[in-house]
Undergrad: 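After the structure tokens below, expect a handful of questions from me.
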Amino acid sequence: MCIRDRNIGLVTSILALGAAIGAYLSGILASRYGRRLSMIIADILTLVGVFLTLFSSTFVMLLGRVVLGFAIGINTSVVPLYIREISPAQLAGITGCFHQFSISVGILSSLLLGWKTPTESDSDYGTSNYWKLMFAVPIIPVSYTHLRAHETPEHLVCRLLLEKKKK
């Protein structure tokens with residue numbers, strides 16, 4: 001698939017729209033379904049978004065980018081909350097730093113992957129499928145994260161209090 005020049009900016013920026021919507025709705029998700037399930041929902045959305053961006057027309061690729069953005073928005077809000085709630089008080093700061101460091105490593109990795117993408121001056125520009133590798137990389141961490149995670153004690157206590165209040 002070759003993306004027209006006018007759509008390249010849209011493919012790039014529409015991710016931010018999905019992220020804004022995901023971040024806005026993440027509080028509702030985390031409160032209603034818990035932090036762990038919210039992260040699993042975001043992981044499933046990531047897999048769906050990656051699949052849509054790899055094997056589709058431009059319109060479906062845009063839809064996939066919105067879905068990916070939605071998952072990014074959820075994870076941007078829920079993962080730090082989850083880390084804070086499961087970390088002992090004396091380690092809360094350092095675990096937050098490690099989370100931010102892992103985000104920075106992810107950004108650096110994506111930039112390094114993009115470094116080999118053909119540019120307009122390259123002979124295989126427009127015919128290379130290298131960009132698909134960059135879009136498929138999120139499958140690796142998403143396929144194994146959060147599966148062994150436990151719900152946070154704070155959420156379990158809140159849920160218990162709500163159940164007692166209903167009775």
Side-chain angles (χ1 to χ4, degrees), residues 1-4 7-87 92 95-118 128-156 159:
M1 175 178 78
C2 184
I3 301 173
R4 294 190 176 120
N7 292 334
I8 290 174
L10 187 58
V11 166
T12 304
S13 62
I14 203 159
L15 186 87
L17 175 66
I21 295 167
Y24 180 75
L25 297 175
S26 65
I28 297 167
L29 263 171
S31 295
R32 185 170 293 162
Y33 301 110
R35 284 67 162 148
R36 179 180 181 269
L37 187 57
S38 298
M39 292 186 299
I40 290 172
I41 289 169
D43 288 347
I44 291 168
L45 288 172
T46 300
L47 292 174
V48 169
V50 166
F51 180 76
L52 290 173
T53 58
L54 293 179
F55 303 106
S56 304
S57 66
T58 303
F59 173 76
V60 180
M61 179 185 213
L62 291 172
L63 180 65
R65 295 287 286 172
V66 170
V67 171
L68 279 169
F70 190 72
I72 289 168
I74 293 171
N75 277 331
T76 299
S77 300
V78 176
V79 171
L81 177 63
Y82 181 83
I83 290 171
R84 186 192 61 79
E85 289 181 1
I86 65 166
S87 299
T95 55
C97 289
F98 278 125
H99 172 66
Q100 186 58 46
F101 178 72
S102 67
I103 291 172
S104 299
V105 168
I107 292 170
L108 176 63
S109 300
S110 68
L111 289 172
L112 291 175
L113 277 172
W115 193 8
K116 295 295 284 180
T117 304
S128 172
N129 285 323
Y130 188 79
W131 62 271
K132 289 184 179 184
L133 172 66
M134 292 189 328
F135 279 27
V137 166
I139 292 173
I140 297 166
V142 166
S143 61
Y144 67 87
T145 57
H146 310 309
L147 296 179
R148 297 187 62 190
H150 302 286
E151 191 53 75
T152 64
E154 188 171 326
H155 177 73
L156 294 174
R159 190 182 319 167

Undergrad: Among V67, I40, I72, which residue meets the side chain to side chain contact (heavy atoms under 4.5 Å, CB included) test with L45?
TA: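 Single pass found, and it is V67.
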
Undergrad: Just distance, no hydrogens or angles: give the donor-acceptor pairs under 3.5 Å from side chains in residues 20-32, sequence neighbours left out.
TA:
residue	atom	partner	partner atom	Å
S26	OG	A23	O	2.8
S26	OG	S77	OG	3.1
S31	OG	G27	O	3.0

Undergrad: Check L62 against I14 and note the closest heavy-atom contact, atom names and distance.
TA: O-CG2, 3.9 Å

Undergrad: Rounded to the nearest 0.5 Å, how far does CG of L47 lie from CG of L68?
TA: 9.5 Å

Undergrad: Taking the side chain as every heavy atom from C-beta outward, state whether L15 and V66 have any atom pair closer than 4.5 Å.
TA: no

Undergrad: Under the 3.5 angstrom rule, does the side chain of S110 hit a backbone N or O of I107 as a donor-acceptor pair?
TA: yes

Undergrad: Looking at every heavy atom in both T95 and A92, which two are closest together, and how far apart are they?
TA: OG1-O, 2.9 Å

Undergrad: Let me confirm one number: the OG1-CZ distance from T46 to F51, rounded to the nearest 0.5 Å.
TA: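 Reported to 0.5 Å precision, the distance equals 15.0 Å.
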
Undergrad: Quick one: closest heavy-atom pair of V79 and H99, and the distance?
TA: CG1-CE1, 3.3 Å

Undergrad: Look up atom CG in N75 and atom OH in Y82, then write down how far apart they are to the nearest 0.5 Å.
TA: 12.5 Å

Undergrad: Considering all heavy atoms of both residues, which atom of G96 and which atom of I83 are nearest to each other, and what is their separation?
TA: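 Closest heavy-atom pair between G96 and I83: N-CG2, 4.4 Å.
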
Undergrad: Can you tell me how far CD of E85 sits from CZ of R36, rounded to the nearest 0.5 angstrom?
TA: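 These two atoms lie 14.5 Å from each other.
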
Undergrad: Please give me the minimum heavy-atom distance between S38 and G34, naming the atom from each residue.
TA: OG-O, 2.6 Å

Undergrad: Distance check, rounded to the nearest 0.5 Å: I103 atom CD1 versus T76 atom OG1?
TA: 6.5 Å

Undergrad: Mind checking what makes salt bridge (Lys or Arg N to Asp or Glu O under 4.0 Å) contact with R65, not counting sequence neighbours?
TA: none

